[in-house]
Novice: 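Pasting a structure here, questions to come.
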2 protein chains.
Amino acid sequence: MNKTIYDVAREAGVSMATVSRVLNGTAVVKEETKAKVQAAIEKLGYRPNAVARGLASKRTKTIGVILPDVSDLFHAEVLRGIEDIAMMYHYHIILTSSDAREDREIDLIGTMWEKQVDGLVFISERITKEIVRTFEQAQLPVVLCATDDPEGRIPSVAIDNESAAYDATRFFLDQGIANIAFFGGPTTHRVTMERRHGYERALQEAGQSVQESLILHAPDMKYEGAHSVAAEFLRQGHHAAAVVAASDEIALGYLNAVRDRGGNSPQDVLLLGFDNTRLSTIVRPELTTVAQPTYDLGAVSVRLLTKLLNEEPIDDYTVRLPHSIIERTSTKRG
Amino acid sequence: MNKTIYDVAREAGVSMATVSRVLNGTAVVKEETKAKVQAAIEKLGYRPNAVARGLASKRTKTIGVILPDVSDLFHAEVLRGIEDIAMMYHYHIILTSSDAREDREIDLIGTMWEKQVDGLVFISERITKEIVRTFEQAQLPVVLCATDDPEGRIPSVAIDNESAAYDATRFFLDQGIANIAFFGGPTTHRVTMERRHGYERALQEAGQSVQESLILHAPDMKYEGAHSVAAEFLRQGHHAAAVVAASDEIALGYLNAVRDRGGNSPQDVLLLGFDNTRLSTIVRPELTTVAQPTYDLGAVSVRLLTKLLNEEPIDDYTVRLPHSIIERTSTKRG
DNA sequence: ATGAAAGCGCTAACAT
DNA sequence: ATGTTAGCGCTTTCAT
């Protein structure tokens with residue numbers, strides 16, 4: 001397979017430039033010679049070397065993806081969306097996990113530059129000034145996925161997290177429920193705080209006061225930590241009639257803490273998760289959840305990035321995808 | 001950031017060859033000039049262009065990963081192992097999903113060659129002759145992950161699936177249980193069939209006959225399809241005292257089918273899953289499962305691949321990682 | 001210990 | 001419509 005474009009040119013009796021032209025469709029070539037070239041390519045089993053191409057053209061047809069952790073359900077699903085659309089536009093993906101550490105993120109942006117990716121899809125818990133500065137320095141087209149930056153200077157694709165949590169809280173308030181708790185990830189997590197604000201706004205609009213004791217924060221968006229925090233919450237004798245959780249896993253952490261004490265949902269607590277991951281239908285009771293278009297978040301991010309790369313006209317640099325509440329068993333009151 | 005090695009050389013007052021040497025540590029450079037070069041690099045904010053490097057050295061420091069679907073829990077976890085160790089050895093990952101389609105797999109191997117990856121980690125449901133031929137043609141070092149090839153010609157890292165299923169079946173047999181069902185993925189899925197053989201061997205050794213009616217196959221390793229198949233199985237009036245499932249999701253599909261009819265586990269059926277994914281502890285009852293060292297499967301695959309790439313001595317081209325049964329609530333008899 | 005120079009396999013002017 | 005040629009930014013002989 002280690003033939004070059006020269007070999008093909010010789011075999012076809014044309015110049016390498018012509019071969020390049022039929023390869024890239026970058027100029028008109030006579031049907032006849034095109035056929036000769038294609039026959040030669042076929043015969044030799046020639047494949048163009050993407051690295052050489054990348055060096056010569058300064059476009060590698062690869063997109064860098066930086067995210068906190070691939071093994072996280074939500075990210076894995078977003079990634080699938082990224083990958084599918086990238087493939088559709090003939091881009092490849094270079095994947096790296098940052099573990100949500102800013103120093104790693106900054107470092108990775110640098111190595112993405114070294115790899116000469118054409119652009120970057122960036123998923124992070126928070127977009128700091130340092131990060132933004134690194135983007136600018138690297139001069140890489142970037143799309144933020146599933147978050148945005150506070151200043152709105154960087155193109156992004158996400159849902160409106162504040163409204164989503166507002167809607168989720170209203171879902172309970174409209175049923176006349178008081179004692180609604182919020183259960184988020186860490187306070188350093190931008191999305192968590194946006195959702196918390198939505199929760200607080202809904203409460204305030206309804207004339208209910210925000211009780212600090214009903215606001216829980218897990219160490220991350222995963223099940224295990226949430227389970228511990230919820231267990232401690234219940235052990236201290238706290239009680240919530242309903243819980244708005246910032247992820248499905250967090251909701252399940254709360255659910256199992258309740259179960260550990262002999263309770264269950266929806267009988268003892270109404271639970272509303274976030275993300276509509278596959279978990280929410282696998283688990284019993286099935287989990288009511290705020291659906292983010294997870295796959296689409298990735299898919300649309302890449303589409304936006306390709307527009308940036310091709311300098312296509314762009315309507316909106318800050319894309320807001322719709323969310324919706326999917327009602328299942330965990331909020332069905334007897 | 002678009003400085004070249006020439007800019008650094010000029011700034012430091014040396015030749016580009018010297019800069020290259022300090023960059024790669026490929027030859028001895030006087031401490032003094034090394035310092036000058038490093039100062040220049042620092043000053044200019046120079047970063048080496050990995051694409052140019054790749055073209056000149058014919059080694060790109062990237063590993064291609066082809067797997068059926070990133071958004072699958074098991075694969076996502078394996079991938080994390082791949083990524084971590086790759087990073088540790090200063091390799092990057094180019095990721096592609098094949099959807100378990102052979103034509104895509106073959107196509108992707110080709111594009112991985114185009115990208116000039118140094119090696120490949122390949123995860124697939126079955127290794128056909130066609131695939132093996134493509135590997136050879138591409139002349140790419142490959143490690144199979146979580147499977148092996150029937151002929152054992154390609155380096156691989158996996159568990160012994162036959163034994164694992166044998167052990168799982170024995171787990172029930174040793175408790176004097178008859179009527180043990182096997183619930184796998186599709187019959188075209190190599191790992192499913194290996195596990196099925198282990199199940200059958202255990203039954204035969206115990207003097208029990210293999211009943212076709214107690215062998216179920218889901219369309220894939222996921223929850224949804226398994227749920228339907230299990231529901232149909234129960235609707236037809238079949239009954240199993242225990243189920244050895246080929247994945248955690250398949251086990252949960254069976255579980256919920258039982259629940260849909262008012263039953264539960266472990267009361268009405270003892271359930272044993274496979275993979276020890278995060279699901280198994282999130283769900284209630286907690287799922288007994290055959291633990292594969294999922295992360296390690298990926299990690300060890302990459303380690304093996306790096307040995308291949310560096311021509312380090314290799315003890316074993318067919319690595320078998322250990323499995324174990326983790327006993328939880330779903331198999332606890334009253 | 002360092003420099004000069006020839007590629008790596010391709011794209012993209014520039015010619016014709 | 002096709003060919004010639006100069007790079008792209010490095011690594012790697014080969015000299016010195």
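Chain naming here is simple, since letters A, B, ... match the order of the sequence lines and numbering starts at 1 in each.
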Novice: CZ of B:Arg320: more than 12 outside heavy atoms within 6.0 angstrom?
Specialist: yes
Novice: What is the 5' to 3' range of DNA chain C, first to last nucleotide, that sits under 4.0 Å from any heavy atom of chain B?
Specialist: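 Result: C:dA1 to C:dG9.
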Novice: Once you apply a heavy-atom cut-off of 4.0 Å, does B:Ser20 come out as touching a base, just sugar-phosphate, or nothing?
Specialist: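 Base contact - B:Ser20 has a heavy atom under 4.0 Å of at least one base atom.
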Novice: Would you compute the distance between atom OG of B:Ser97 and atom CG of A:Asp84 and round it to the nearest 0.5 angstrom?
Specialist: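 Reported to 0.5 Å precision, the distance equals 7.0 Å.
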Novice: Reading DNA chain D 5' to 3', which nucleotide is the first, and which the last, to come under 4.0 Å of any heavy atom in chain A?
Specialist: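 In short, chain A contacts DNA chain D from D:dA1 to D:dG9.
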Novice: Is B:Asp149 salt-bridged to B:Arg190, cutoff N-O under 4.0 Å?
Specialist: no
Novice: By nearest heavy atom, map B:Ala56 and B:Thr33 onto DNA chain C; which one lands nearer the 5' end?
Specialist: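 Result: B:Thr33.
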Novice: Measuring from atom CD1 of B:Ile159 to atom CG of B:Asp296, what distance do you get when rounded to the nearest 0.5 angstrom?
Specialist: 12.0 Å
Novice: For B:Asp315, is there an ion pair with B:Lys307 - N to carboxylate O distance below 4.0 angstrom?
Specialist: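 Salt bridge absent between B:Lys307 and B:Asp315.
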Novice: Salt bridge or not for A:Arg101 and A:Asp103, using N-O below 4.0 Å?
Specialist: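 The answer is yes: the pair qualifies as a salt bridge.
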Novice: Using a cut-off of strictly less than 4.0 Å between a heavy atom of the residue and any atom of DNA chain D, enumerate the qualifying residues of residues 4-14 of chain B by number.
Specialist: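 Nucleic-acid contacts, sorted: B:Thr4, B:Ile5, B:Tyr6.
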Novice: Would you say that more than 12 heavy atoms from the other residues, nucleotides or ligands in this model lie under 6.0 Å from the CD of A:Glu42, or not?
Specialist: no
Novice: Do the charged groups of A:Glu102 and A:Arg126 touch, with an N to O distance under 4.0 Å?
Specialist: no
Novice: I'd like to know if A:Glu130 pairs up with A:Arg133 as an ion pair, taking the criterion as any Lys NZ or Arg NE/NH1/NH2 lying under 4.0 Å from an Asp or Glu carboxylate oxygen.
Specialist: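 Result for this pair is yes, salt bridge flagged.
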